[in-house]
Amino acid sequence: MSKSNGRRARSRAITDAALTSAAGVAEAGPATTRRSVRVRRADTIAELQGFRRWAGMAGAGGPVTAAKLVEAHSGGYLGTALDGSGDTTADEAAVRVGPEALAWAHTVALVAVTDSDDEPIGGLMAGPALHFLASLPSRYGMAPVLAGIMRTSKLHFVAVDEAHRRGGVGAALVSTAIATARTAGADLLYGQFTTSDRGLARFYSGLGFDLSPPDRPLDFTSILGISAGPAPMRGETFFTRWFYGPTR
Ligand SMILES: CC(C)(COP(=O)(O)OP(=O)(O)OC[C@H]1O[C@@H](n2cnc3c(N)ncnc32)[C@H](O)[C@@H]1OP(=O)(O)O)[C@@H](O)C(=O)NCCC(=O)NCCS
């Protein structure tokens with residue numbers, strides 16, 4: 001896949017250079033074919049369509065997820081509120097068209113590419129969990145939903161093409177997501193994994209996440225202002241990284 005042209009300035013608030021320095025440059029691939037890898041925003045339709053592969057690998061709704069990413073990108077929302085500059089224009093515009101657009105403005109789609117030929121070899125998507133936030137009791141109004149969108153980010157999925165695993169690419173993607181969430185002013189980056197997958201437990205704990213006891217819900221009271229939090233799917237464990245709040 002070729003490097004993107006015509007990227008829109010608004011969606012590039014965090015530059016390739018900033019992302020690269022946030023993640024460091026990962027050395028990827030088996031020892032005999034180690035290659036230098038860069039992490040940056042995915043922001044062309046072709047690149048976002050490629051997310052069907054990584055979302056599929058992670059069991060996160062391959063084609064449907066990729067189609068939603070493309071739609072959010074085409075609508076001009078994807079990742080537009082993540083630079084932490086204090087310019088709320090994007091947020092205000094998104095509020096006018098609804099919480100879904102605001103959630104997309106706080107969502108990042110990252111791609112890991114080889115430095116030599118810009119070949120995509122891994123992807124990550126992180127942003128507010130609108131499904132959970134939209135399920136909050138409507139009697140509390142929009143305030144908890146908006147707080148959740150602005151201050152929580154869920155690592156929806158990360159995946160690396162099989163031939164490039166165990167070379168630091170997944171770690172570089174997640175490290176960039178951590179830096180992005182922190183810059184954007186989130187209190188928390190979290191996600192969940194299948195409890196029996198000890199490789200993933202090692203992967204996330206090695207990246208500085210706290211692992212919750214299996215099957216235990218999270219408590220978002222300090223963020224949402226109401227007593228609520230997402231519950232894991234059966235057999236899943238949450239991992240959390242707080243930037244401000246309970247365990248920083
Ligand atoms: C999980 C995944 C993204 C990790 O990507 P990766 O590029 O192989 O990970 P890294 O090389 O950055 O791993 C960093 C560290 O995490 C740990 N780790 C990663 N994968 C591991 C595994 N399968 N078993 C044990 N430890 C593992 C190791 O400590 C590793 O460091 P080391 O290789 O020096 O020992 C990749 O295995 C993948 O795409 N899996 C399929 C999709 C998936 O399950 N995604 C997660 C759910 S959303």
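Counting starts at 1 for both ligands and their atoms, in listed order.
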Value rounded to 0.5 Å, distance of CZ in Phe239 from CZ in Phe193: 7.5 Å
Drop me the distance from Asp215's CG to Glu236's CD, to the nearest 0.5 angstrom. 9.0 Å
Checking the N or O distance criterion of under 3.5 Å, is ligand 1 in contact with Gly170? yes
Tell me, which protein residue and heavy-atom name are nearest atom 8 (O) of ligand 1, and how many Å apart are they? Arg166 N, 2.7 Å
Which of these, Arg241, Arg151, Arg182, sits in a salt bridge (Lys or Arg N to Asp or Glu O under 4.0 Å) with Asp187? Arg151
Note, Asp161 side chain near Arg53 side chain (heavy atom, < 4.5 Å): yes
Reported CG-to-CG distance for the pair Asp43 and Leu78, which is rounded to 0.5 angstrom: 8.0 Å
Enumerated ligand 1 atoms positioned under 4.0 Å from heavy atoms of Phe157: 48 (S)
Looking only at protein heavy atoms, identify the closest one to atom 24 (N) of ligand 1 and say how far it is in Å. Gly199 CA, 3.3 Å
With the threshold set strictly below 4.0 angstrom, can you tell me whether any protein non-hydrogen atom sits that near atom 34 (O) of ligand 1? no
Below 4.0 Å from any atom of ligand 1, is there a heavy atom belonging to Gly168? yes
Any side-chain heavy-atom pair of Phe238 and Pro230 under 4.5 Å: yes
Between Phe132 and Phe220, does the ring centre distance come in under 6.0 Å? yes
List the closest protein heavy-atom neighbour of atom 41 (C) of ligand 1: residue, atom name, distance to the nearest 0.1 Å. Arg165 NH2, 3.5 Å
Which protein non-hydrogen atom lies closest to atom 17 (C) of ligand 1, naming both residue and atom, and how far is it? Phe203 CA, 3.8 Å
Ligand 1 atoms in contact with Val169 (distance to a heavy atom under 4.0 Å): 7 (O), 12 (O)
Below the 3.5 angstrom mark, is there an N/O of Arg202, backbone or side chain, next to an N/O of ligand 1? yes
Checking a contact table here: which protein heavy atom is nearest atom 43 (C) of ligand 1, and how many Å away? Val158 O, 3.7 Å
Given the protein's heavy atoms, is any one of them under 4.0 Å from atom 2 (C) of ligand 1? no
Please say whether Met57 places an N or O atom under 3.5 Å from an N or O atom belonging to ligand 1. no
Side chain, backbone, both or neither: which part of Leu200 comes within less than 4.0 Å of ligand 1 when only heavy atoms are counted? side chain
For Gln192 and Thr237, which I'm curious about, is there any donor-acceptor pair between the side chains at under 3.5 Å? no
Look only at interatomic distance and state if Ala171 has a nitrogen or oxygen under 3.5 Å from any nitrogen or oxygen of ligand 1. yes
Gly167 neighbourhood, listing ligand 1 atoms whose heavy-atom distance to it stays under 4.0 Å: 11 (O)
In the structure I gave you, are the side-chain heavy atoms of Phe209 and Val174 within less than 4.5 Å of one another anywhere? yes
Atom OG1 of Thr107 and atom NZ of Lys154: how far apart are they, to the nearest 0.5 Å? 12.5 Å
Taken to the nearest 0.5 Å, the spacing of Leu136 CG from Leu224 CG works out to 6.0 Å
Residue, atom name and distance, where the atom is the protein heavy atom closest to atom 39 (O) of ligand 1: Val160 N, 2.8 Å
